[in-house]
Structures are given as structure tokens and as C-alpha cells.
> 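Take this structure, written in C-alpha cells, and hold onto it; I'll ask about it next.
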Number of protein chains: 2
Amino acid sequence: MTEDALTAPSGPGATPLRNPAATTAAPGAGTLLRLLRDGRPRTRSELAAVTGLARSTVTQRVDALLASGLIGPAGEAVSTGGRPPTTFSFRPGARVVLAADLGATHARLALTDMSGTVLAEDRADIDIATGPEPVLDWVVDHGRTLLESVGRHTRDLLGVGVGLPGPVQHSTGRAVNPPIMPGWDHFDVSGYVDSRIARPVLVDNDVNIMAVGEHHVAWPGASHLLFVKVATGIGCGIISEGSVYRGAQGAAGDMGHIYVPSGADRPCRCGNTGCLEAVASGHALAEALTAQGVPATGARDVVELSRNGSVPALRALRQAGRDIGEVLAASVNMFNPSVIVIGGALAQAGDHLLAGVREIIYQRSLPLATENLSIVSSKAGESAGVIGAAVMVIEHCLSPEHVETLVMGG
Amino acid sequence: MTEDALTAPSGPGATPLRNPAATTAAPGAGTLLRLLRDGRPRTRSELAAVTGLARSTVTQRVDALLASGLIGPAGEAVSTGGRPPTTFSFRPGARVVLAADLGATHARLALTDMSGTVLAEDRADIDIATGPEPVLDWVVDHGRTLLESVGRHTRDLLGVGVGLPGPVQHSTGRAVNPPIMPGWDHFDVSGYVDSRIARPVLVDNDVNIMAVGEHHVAWPGASHLLFVKVATGIGCGIISEGSVYRGAQGAAGDMGHIYVPSGADRPCRCGNTGCLEAVASGHALAEALTAQGVPATGARDVVELSRNGSVPALRALRQAGRDIGEVLAASVNMFNPSVIVIGGALAQAGDHLLAGVREIIYQRSLPLATENLSIVSSKAGESAGVIGAAVMVIEHCLSPEHVETLVMGG
């Protein structure tokens, strides 16, 4: 490992870990922690046997991990003669993570431990179009308040995760030409947050972090998962072999602008016609209902109408599900996922949307691709985004190479 | 590494490497060979410096690799005082690979070296429906003849790669419910070939190996590539981060049965209607042309007609390209590939098919997903399959863990 690798994490929008003066890492500490993250306590001998590390190295690294607080003693193992050996286990509460899920008009903030469990939450109406500085100031200020509310300090922060409602360049963590985020184009989100809170910051788009959160909460064993967010717009986060699939330019999962036959000549905000978003998004449904004399201004109104039993709203939701199903049926044949999750504001309108999706996928896709396919509503619900943002930070900062810096740099 | 891992390669349809009695591996030999496969000669000191292996370990492993023939001396480096040190380099010709690309009615066979370069070739008209034993006997018998023709023996074989024209279960390398391969369902292809030739055997479906071959020959740097085979049927092999993307059940890339609007009520052999294959495959085009009074029995006739300037054939090819483009445009938005290759028998009819594909993708896909997207004809052509089958064997058998057995087991 080079010194560059130690001081410059390579994740999306990551700022360098603190203590750039630390020139010595702790090789092996990351491997030990990776093992201990399963929650099972182990003795030094067991750790040496499983990792192949020298007993003396294990002793040193365990001491470093104990000093960092990332692990703690977990009682004694059964003695095989002589003094019973101490076991050690991961302490998920040793650090906390600040996670922000920013939407066009709403923001959610959460503090989690290192297992992704939410410790405290906050939410607010915001206007993303006011620009990055006021919105990120809100994140930092309310983040500090959340920390205080659970008796923790910024020095306890492992890092900060931020989800943005627009395309994010994976290599830099910056929004690129985001349609609904004036002022954010190429803004250095992680640099700005880091300048105010001095911890590593990771940035990704909202649908990717929702996919990560849903996978973590409800489908940790699923190898291939599609998370479809149906709200004002429509987007898809893709998990492949447990990680976010991004494609060549990081543009993968852009479902909203795929052509659907029922869209015909309907104009889309992207400039094309017949896009899925132009017929099946919350915005499109509200417009169509209003034209039918059932006034609605957005996804939330459509949900409200459907809860009140409005037949036009239920019909529109069912048809939106069918249109989304057309696109997903093709993706099932091409991608062969094991789970499709339907989330986002419009998915809260009960099972009408989901029923339409299922109807078309089961009609159109081949038996081999659907026999083990689950098509379900989001279980993580509105927390999917903040949990995913936290998991993104945890996986990045607890990866072996970063742990080896962390335990030396403190 | 456990002994199980040594004697039981885990690739698709792999049979155990020979010499199951070998209980000692050569840790580090695989790492050294992986490094040397770039073709650059290196000294023992350079190998020790780059890998971090002890100098004594490097000396032992270099000796083992020399004894196996996988590397050889490559002259002397510049002396820094004293006797100039010897350099070593990978010898791609030390072993050969037998690769078979089996179609419904044609088979191609090739012998390659360990860089995937074809040394000798054979092809024949076969009928896959005669069942696995006669077809695989042909592979083995003609494989032996190819070996003799270049003065090599079966003991020089690194392994055998086989591509089948139907779905192959990745974990076992067996065909599963293959529609055009009566008698092959769940047949143990690798076990049968291994019983006759006693080398590791890997099996995959023809479109996956064509994607691997095209990637190896023409686009080795492309991270995400779609290879579309347009022949009697239509299928897609997907390369993601340099490897075959398989999805949850290994069913990924099944493009032929995605619904296209122009298919409307056209019945497909899968039992559904409106599938891409029902309107744009060689079989569908031949039927449609025949109905128009231009007799054709399959993809090859359609190609022949187009080469002779038949306007109905050219029109049909252009429209087939558009239909394929409809499906690919959606895949571009979802997968964000950097390269789409159009191959298979129908792609040999000049640029008419490709022009239709390009027309629709550039019309339908978002600028971000197409600005760096290449849409091209196959460069590997008819050799894509055998080269891909060979590369599959090379990557599997020269992976570090297998090399470490190979150099001890001989």
C-alpha cells in the first residue's frame, strides 16, 4: 500500500481521512476487523488461525483496534487448560455515521451506528434549488444537533454520506448537469461539508443509495436487485453481486427515459417523446388526473386520492404500474435480477401500482427469469435513502485499507 | 487454500485438474505468473520487489514455473555490478487450448496458445440434435487431429472450452431445457469430454463465449460491452467490468424474447407474441420475405439476397435493425455500456442491419449514455466463439489458485 492510498480514499466524493501526517499503517488490522464484523467474538488464537497472520502481528493489531474502540473484549472463551483466553468482538456503536437523503423539496437526516441502525432522525422541507451552501449548511447544523441529542461529538463520526436528487459523477462525487438542482452543477459537495465538519464525505445519487439501503435492510442475501423509485420522476438503482452497478459512465439505471408504446407522442421534459416518465411518474399522473377533472398537483396528491378510493386515481396507478412493468419486463430478460423493489412516493398508494408491474412482468418475461423473482414493495420505506447513505460510508470507511489508517490515525 | 480448492476448480463445468494426489501447492507462483502474463521480462529481484514475496520464495516459485514450462529465461537484464541477472517471461506457447463453438448445424474447432492466438482450425456441418455423444466425439477426435497437425499432444492441453447453442447452467456447465438440442438436457458435457481426453473442460453458452472473444480481440479495454448475436435466433452476451455478467439464475442477456411494439401479435416459438425474435431474427426475416414472394429459408439466404441487392431483403434488414435498436436503446439507458457489437450470421449482410440499430439508439437514448458509446459490427467475426471459449479456459486455468496446483501437479 502506498502512502497516497492511505491518505486519499478512492470512493465517490471521498475526502481524505484525517491525520494525513500518519505515515504508518497497521497491515492486517483491516482483515481482522472484516472478520469480526460478523458479530462473533473470537480469541487472538482464533484470529491468527483464520487469517494466517503471525501471532505477534495479531496481538499488536488487536491492541490497536482496542485502542481505537472499534473492537472490545467480549468475555472469556472456554479454557483448554490454564487461564481462559479473552475474546474480542466488533463494537458497532464505537463510531456513528451522519447520513443525508436530499430530495427536491424534502430532506431526511439520520445518525446511525456502524451496523446501519438508526439512532436519531430529523426531516425538513427544503428547496434544493436554493443551492448547495444553504442546503448543506442545514445538513451540517442539524447533524450537529442530532449528535448532541445522543450525546456524541463530531470526533465520533466515521463519516458523512449524502444522496442527491440528480446524476452524480462517481469519481468526484459531484452533481453533473442536474436538471432540478440549479447551482449544484459540479459543486464540490464533499469538500464543502468536509470544510465544516472535517470528516470523510461520500456522495451518490438518491436512487443508488435507496437501492443500497433496501438491500441492506430487506434483501442482504440478494445478488441482483433492482430498486425502482416512482415519484415526481422515475429512476432505478441496480445492485449486482452486492454492489451498486454503475455502467461505463455511471449513467446506469436511467429508466425514466426509456420509450414505452403507450407513451406514443407524449412530450417528456427531456425533450424526447414517449418516455416512461411522461406517462407513469407522479407528475404525469397528476397532470392526467387534473385533465380528467380530478385535480392533483403531484405524487402525494395522487396517493391521497387513491387512499380516498378515487377510481380515476386507482386506474391511473394500475396503468402506470403496467407501463413500468413493460420496461422492467425487458430488464428482467436482460439483467436476470432476483428481486425488484418498487419504492418512492407513488409506491405508498397501496398495491395498485405493484399489481400493474407484476401483471406485465409475469405476462412478458420468460419462466426461467421469473421463477425465483420477487416483485415487492419497499420495506425500508422512507428510510431507504438515509440507511443506504450510511451503509455506503460504513463499507467505504471500514474497508481493510481505510481501517488500517483509521486505527493508527485515531 | 484448502485441498478441496486445489483439486476442484470452481468454474463453469470445470472438471478437477489432473493429479488429485498433489497435496502441496506453490503459493505465490500464481501471483508471479499473473504479473508475467503482460509479456514483460523481469528479474527475480524485480518479481520480489513488486509482489512483496520473500526472495527465497520467488527463487523457488520461478524454478517451479520454469520446470512447468509456463515461463522461460528471456535474456539478461543490465547489470548493476557483478554478473547480469537473468530475466524471465511468460511462454504463451507452453500449453495449448482446444476450443469448440457448437451451433445448431455448424461446428468450429480451434487450437490456440495461451494468449488466445489461433494455431489451427477446423469446421464441419453437424446436427446438434443428433445428441451430445456423437457431437462431442467429433470435438475430441478432430481435436486430436488438430493437435497432431501442429505437433502437440493431449498432455500439452491446458484445457478444453465448449460453447453450446442453448442455456447453460453456470454452476454445472450443463445445458438446461435447451430448445434446439434434444438429448442434451442436463447432459454432463465436461464429464464426458474429460473421460475421453482427461483435461479440464469448461462449458458456456455460445453468446457468452462470443462476447468474451469479441472483447478479447477487439475491445480489451472496454469495461461494459454488449455482444448481440443475430442469427436464426437473437441473443446477447454481456461483459461487465471485463467479465461475463450472468444475473441471478445465469439467464441474463435473453434479448430475443423481449417485446417490441412492431411485433404486435406475431407468434414466437417461445409461446408468447411480439417477441423481438419473431420479427427480427434470420428465421423471421426469411419467412417474411418468402411471404412477399422472395423465397428464403434462413439467415444465410437473407444475407445472400442482400448481397445481390434485393430491395425487399435490404428493407427487411434495416427494419430488423430498428427493432433490435428499440430493445438495445432501453438496455443502453439501464446498463450504460461503452460498446455494442452486432454479430451473428445476419450481421454479415453489410451495414443495413447496423444502420437500423444506430438509427433507433441515437434517437431514443439519452446524450449522457451515448456520447461515448460505440455501435459496431463484430471484428472477430466467425472466430469470436472459439476465441472466447479458449479465453474462458485460459483465464480459469491460469488464475493464481489453479496455477499453484498446475506447477506442482505438472
Side-chain angles (χ1 to χ4, degrees), chain A residues 1 27 52 167 169 176-177 222-226 236 238 240-241 243 245-262 264 270-276 326-339 360 363-374, chain B residues 1 27 52 167 169 176-177 222-226 236 238 240-241 243 245-262 264 270-276 326-339 360 363-374:
Chain A
M1 178 184 283
Q169 192 173 42
V176 180
N177 299 322
S223 62
H224 298 80
L225 175 147
L226 301 182
C236 181
I238 303 171
S240 168
E241 305 291 354
S243 300
Y245 174 96
R246 299 179 186 280
Q249 273 87 42
D254 194 346
M255 258 186 84
H257 304 285
I258 291 177
Y259 178 80
V260 285
S262 64
C270 76
N272 223 327
T273 55
C275 296
L276 178 63
E326 292 280 352
V327 170
L328 287 174
S331 299
V332 164
N333 282 21
M334 283 295 276
F335 263 107
N336 186 207
S338 47
V339 181
I360 300 296
Q363 178 190 321
R364 293 274 6 140
S365 297
L366 290 179
L368 178 60
T370 53
E371 67 184 354
N372 295 307
L373 173 66
S374 301
Chain B
M1 179 184 284
Q169 192 172 44
V176 180
N177 300 322
S223 63
H224 298 79
L225 175 148
L226 302 181
C236 181
I238 303 172
S240 168
E241 305 290 355
S243 300
Y245 174 96
R246 300 177 186 281
Q249 273 88 39
D254 194 346
M255 258 187 84
H257 304 285
I258 292 177
Y259 179 79
V260 285
S262 65
C270 76
N272 224 327
T273 55
C275 295
L276 178 63
E326 291 281 352
V327 170
L328 286 174
S331 299
V332 165
N333 282 21
M334 282 297 274
F335 263 109
N336 187 207
S338 46
V339 182
I360 300 297
Q363 179 190 321
R364 293 279 0 144
S365 297
L366 291 179
L368 178 61
T370 54
E371 66 184 354
N372 295 307
L373 173 65
S374 302

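Chain letters run A, B, ... following the sequence lines, proteins first and then strands; every chain starts at 1.
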> Going from CE on B:M255 to CG on A:N333, what distance comes out if it is rounded to the nearest 0.5 angstrom?
10.0 Å

> Can you confirm whether A:M334 sits close enough to B:D254 that some side-chain heavy atom of one is under 4.5 Å from a side-chain heavy atom of the other?
no

> Who among A:S331, A:C275, A:G253, A:G274 has the most heavy-atom pairs with chain B under 4.5 Å?
A:G253

> Need one label for A:L225: side chain, backbone, both or neither, based on atoms under 4.5 Å from any heavy atom in chain B.
neither

> Side chain, backbone, both or neither: which part of B:L276 has a heavy atom under 4.5 Å from chain A?
neither

> Are any of the side-chain heavy atoms of A:N272 and B:R364 separated by less than 4.5 Å?
yes

> Looking only at heavy atoms and a cut-off of under 4.5 Å, which of B:P261, B:A329, B:A251 has the most pairs with chain A?
B:A251

> Could you tell me the separation between the CZ atom of B:R246 and the OG atom of A:S223, rounded to the nearest 0.5 Å?
13.0 Å

> Restricting to ring pair (Phe, Tyr, Trp, His ring centres under 6.0 Å), what partner residues turn up for A:Y245, sequence neighbours left out?
A:F335, B:H224, B:F335

> Between A:E326 and chain B, which part of the residue has a heavy atom less than 4.5 Å away: side chain, backbone, both or neither?
side chain

> Which distance, rounded to the nearest 0.5 Å, do you find between the OG of A:S338 and the CD of B:Q249?
7.0 Å

> Identify, with sequence neighbours excluded, every residue that meets side chain to side chain contact (heavy atoms under 4.5 Å, CB included) alongside B:A330.
A:I258

